[in-house]
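Whatever order the structure lists ligands and atoms in, that order sets their numbers, starting from 1.
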Amino acid sequence: MSDTLHEEKRLAYLLRHDIHYAFDKRGWREVSDLITNHGFTLEDVINIVANSEKQRFEFSDDGQYIRARQGHSIAVDVELEEATPPEYLYHGTIAANVPSIMGKGLVPMSRQYVHLSIDQSTALKVGSRRKGVVIILKVATKKMWEDGHRFWLSRNGVWLTMAVPPKYLEIIEK
Ligand code: HQG
């Protein structure tokens, strides 16, 4: 893993999961705190935000604050945009999780939301972060939406929902 990627992961952790920092309710953290207490330079932070392949972060308009666009376990409201999903979205996971998922559905686990991908190749990448056989689930998201489930689209293109009951899930056979 390159240093830059390591630093991006470290920043993602500090902005999504750090229970020791008193976040603004909109999920903002002071850039100066990252510099003073976490060993980043301003240049590091600017470069990570600009070069993040998944565009994970954003600065406040005045540049004093930074937040992650999605993926939090801490309870913050990052002002997600509610949106109508396409017919299907996808979720990449590993085979070991499938019996539980088909039994009780997709749940957020430690995060605020279940994360869904726009296409199978993105879901494959998400699932491949874990050790094991990757399984892609096709999610009948339009049907869910028609049934009253709510969806949000983060500014970096990740679809979020509270949970997916098993009846909307289908395992894609490779
Ligand atoms: C699984 C990355 C058993 C779920 C990615 C997943 C994504 C269940 C794991 C973002 C389950 C949770 C999120 C159930 C869900 N029984 N297992 N009922 N329901 N699971 O990391 O979707 O790079 O919280 O399948 O790209 O893997 O960090 O979620 O395997 O967008 O920006 O429980 O994280 O983005 O794992 O990934 P995660 P995820 P970043």
Nearest non-hydrogen partners of Met144 and Val164, listed with the distance
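Residues Met144 and Val164, closest heavy atoms: SD-CG1, 3.9 Å.
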Which ligand 1 atoms, with their elements, are less than 4.0 angstrom from a heavy-atom of [X]?
| X | answer |
| --- | --- |
| Lys104 | 18 (N) |
| Leu106 | 15 (C), 19 (N) |
| Arg16 | 28 (O), 32 (O), 40 (P) |

For ligand 1 and Lys9, I'd like to know whether there is a polar contact (N/O to N/O, distance under 3.5 Å).
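There is no such contact.
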Taking the six-membered ring of Tyr65 as reference, does the cationic atom of Arg29 (NZ for Lys, CZ for Arg) lie under 6.0 Å from its centre and within 45° of its axis?
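The answer is no; the distance or angle limit is not met.
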Compute both the distance and the angle, then confirm whether Arg67 meets the cation-pi test with Phe23: under 6.0 Å from the six-membered ring centre, within 45 degrees of the axis.
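No, Arg67 and Phe23 do not form such a contact.
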Do Glu58 and Arg69 sit within salt-bridge range, that is, some charged N less than 4.0 Å from a carboxylate O?
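Answer for the salt bridge query: yes.
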Side-chain donor-acceptor contact under 3.5 Å, Glu8 with Tyr13:
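Absent: no donor and acceptor within the cut-off.
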Hey, looking at [atom], which of [options] has the closest heavy atom?
| atom | options | answer |
| --- | --- | --- |
| atom 37 (O) of ligand 1 | Glu53, Met102, Gln112, Arg129 | Arg129 |
| atom 30 (O) of ligand 1 | Val114, Ile101, Thr93, Val164 | Thr93 |
| atom 5 (C) of ligand 1 | Lys125, His115, Lys54 | Lys54 |

